[in-house]
Amino acid sequence: MLPSRSKRYVGLDGEIVRLELAANWQLVLVALLVLGLLAAIFPRKTLVDQLYAQKTLDDLTLSYVENLYRTNPQNADAALLLARTQSTDVDIRQVESLVLELTQTGDLRQRNEARSMLLRAYAMAYDRSTDTAESKHIRSQFEIVAKSAQSDELPEPLARRFGEQAFKLNLPRLGLAFYKKLPLGQSADSMERMGDLALSVGQNEDAAEYYLLARERASTVDESRRLFQLGIRTLMAGNLYARAMQVAHAKLGDLAEDRLTLRFLARTALAAGDPTAAADYARTLVFK
């Protein structure tokens, strides 16, 4: 008869039979239960949202994010959170390596997060750059990122920042495209500012349209007349003579009996090479 387990020796009494505390399937089940419990206590979306809400990451959280990215470089949110700390250091190449690809491959939230971080990094780096080659790189990369963003729905602050930075980098047409994404206010001033921006990049037809929209919101006859004439002059300045006459006739509205406007249109029609229209406006002016 073999002695009790505690008194047996391997080699003398034969191999000690290992006690089985749990089967393999039971261990797997326990692991799944623990993972499920952790997921319930710390939902991934909630955790990510909380991390995004933090303006800065403390050392412990940063270490967690770095380890998360190290174990899974394809984790888009980990890359974005890590890039947030890098973008304040203006390490362009590092930020680009982390999030540039996400401007194309992530979901809409991730794409806009990546664009926002790159935009901030580019703006800071461009302001500090004294290297012509570096400045050209920043301008070129900004243009690529900005053009990819044009087809997406952007939060208003992000669209405004893209527009401002585009004008700053001497990319006015691109800047205007982003300003067009902004919800326009109902004031004549906001419409006129958009017209000025369009005119600054040679978009005369767009500028005229904004001036005429501003005219519809004018509070006085003098302001309405000024904006109407500004819209028509803008089309004339762009050599869009036929279009100017067409728009003038269609948009005359409550200025149809305004003597100053009729006199302006008679002179403008002559300049546009349309003597028939000039005669009509002059005749109306005489009879009025």
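Since we're looking at a predicted model, the values are computed, not measured.
- Contact of the Leu118 side chain with the Gln141 side chain is not registered, since no non-hydrogen atoms from C-beta on lie closer than 4.5 Å.
- Checking each of Leu213, Asp206, Leu176 against Met194 for a side-chain contact (heavy atoms from CB on, under 4.5 Å) leaves exactly one that passes, namely Leu176.
- Using a 4.5 Å heavy-atom cutoff, the side chains of Leu199 and Thr234 are in contact.
- Between Phe167 and Tyr179, the distance separating the two ring centers is shorter than 6.0 angstrom.
- The pair Glu156-Arg161 does not meet the salt-bridge criterion, since no charged nitrogen lies less than 4.0 angstrom from a carboxylate oxygen.
- The main-chain N or O of Met191 is never found under 3.5 Å from a side-chain atom of Arg217 such that the two would form a donor-acceptor pair.
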- Pair Arg263-Asp258, salt bridge (Lys or Arg N to Asp or Glu O under 4.0 Å): steps then yes or no: CA-CA 9 Å; Arg263 188 174 294 118; Asp258 181 70; over 6 Å; no

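- Cluster membership check: Leu158 shares its hydrophobic cluster with Leu171, using side-chain heavy-atom separations under 4.5 Å among Ile, Leu, Val, Met, Phe, Trp and Tyr.
- For the atom pair CG of Leu100 and CD1 of Ile144, the computed distance is 8.0 Å after rounding to the nearest 0.5 Å.
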- Task: Go through the steps for Leu119 and Val145 under the test side chain to side chain contact (heavy atoms under 4.5 Å, CB included), then give the verdict.
- Result: CA-CA 9 Å; Leu119 179 57; Val145 172; over 6 Å; no

- Going through the distances and angles, do Tyr241 and Gln246 end up as a side chain to side chain contact (heavy atoms under 4.5 Å, CB included)? CA-CA 9 Å; Tyr241 303 137; Gln246 179 185 5; over 6 Å; no

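- Classification of Glu143 and Lys147 as a salt-bridged pair holds, one side-chain N sitting under 4.0 Å from a carboxylate O.
- Atom-to-atom distance recorded for Glu134:CD and Ile92:CD1 is 6.5 Å, nearest 0.5 angstrom.
- Taking all atoms of both residues into account, the shortest heavy-atom contact from Leu227 to Leu212 is O-CD2, 4.5 Å.
- The distance from atom CZ of Arg128 to atom CD1 of Ile138, rounded to the nearest 0.5 Å, is 11.0 Å.
- In this structure, Ala269 and Ala278 approach most closely via the heavy-atom pair CB-N, 3.5 Å.
- The nearest pair of heavy atoms linking Ala244 to Met236 is CB-SD, 3.8 Å.
- Residues Leu262 and Met245 do not share a hydrophobic cluster, defined by chaining ILVMFWY side chains whose heavy atoms lie under 4.5 Å apart.
- In this structure, the side chains of Arg160 and Lys181 stay at 4.5 Å or more apart for every pair of heavy atoms.
- Proximity of a side-chain donor or acceptor of Asp152 to a complementary backbone N or O of Leu154 within less than 3.5 Å is not detected.
- Thr103 and Arg111 are not linked by any side-chain donor-acceptor pair at a separation below 3.5 angstrom, with hydrogens and angles left out of the test.
- The aromatic rings of Phe142 and Tyr122 sit perpendicular, their planes meeting at an angle over 60°, well past the 30° parallel limit.
- Between the NE2 atom of His249 and the CG atom of Asp280 there is a distance of 9.5 Å, given to the nearest 0.5 Å.
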- Query: Which is it for Ile232 and Lys251 under the side chain to side chain contact (heavy atoms under 4.5 Å, CB included) test, yes or no, and what are the steps along the way?
  - Reply: CA-CA 10 Å; Ile232 303 305; Lys251 301 290 186 180; over 6 Å; no

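- The pair Glu223-Arg226 counts as a salt bridge, with a side-chain nitrogen and a carboxylate oxygen less than 4.0 angstrom apart.
- Expressed to the nearest 0.5 Å, how far OH of Tyr281 lies from OG1 of Thr261 amounts to 10.5 Å.
- Residues Phe228 and Leu252 are in side-chain contact: their nearest non-hydrogen atoms beyond the backbone lie under 4.5 Å apart.
- When side chains are defined from C-beta on, Ser148 counts as touching Arg115, because their heavy atoms get closer than 4.5 Å.
- Side chains of Asp196 and Tyr211: a donor-acceptor N/O pair is present below 3.5 angstrom, by distance only.
- Donor-acceptor pairing under 3.5 Å is recorded for the side chains of Ser135 and Ser129.
- Counting only heavy atoms from C-beta outward, the side chains of Leu260 and Phe264 never approach each other to under 4.5 Å.
- Classification of Arg215 and Asp254 as a salt-bridged pair holds, one side-chain N sitting under 4.0 Å from a carboxylate O.
- Minimum interatomic distance between Ala114 and Leu102 (heavy atoms only, all atoms of both residues): CB-CB, 4.0 Å.
- A pairwise comparison of heavy atoms in Asn204 and Gly238 identifies ND2-N, 3.4 Å as the closest pair.
- Between Leu235 atom CG and Leu240 atom CG the span is 5.5 Å, to the nearest 0.5 Å.
- Asn112 and Pro155 get closest at one heavy-atom pair: ND2-CD, 3.6 Å.
- Comment: Glu113 does not engage Arg109 in a salt bridge, judged by the lack of any side-chain N to carboxylate O separation of less than 4.0 angstrom.
- In summary, the side chains of Arg233 and Thr268 do not present any donor paired with an acceptor at a separation below 3.5 Å, with no hydrogens or angles considered.
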- Task: Could you give me the CA-CA distance, side-chain angles and deciding distance for Glu96 and His137, then say whether side chain to side chain contact (heavy atoms under 4.5 Å, CB included) is met?
- Result: CA-CA 12 Å; Glu96 286 177 339; His137 169 79; 3.3 Å; yes

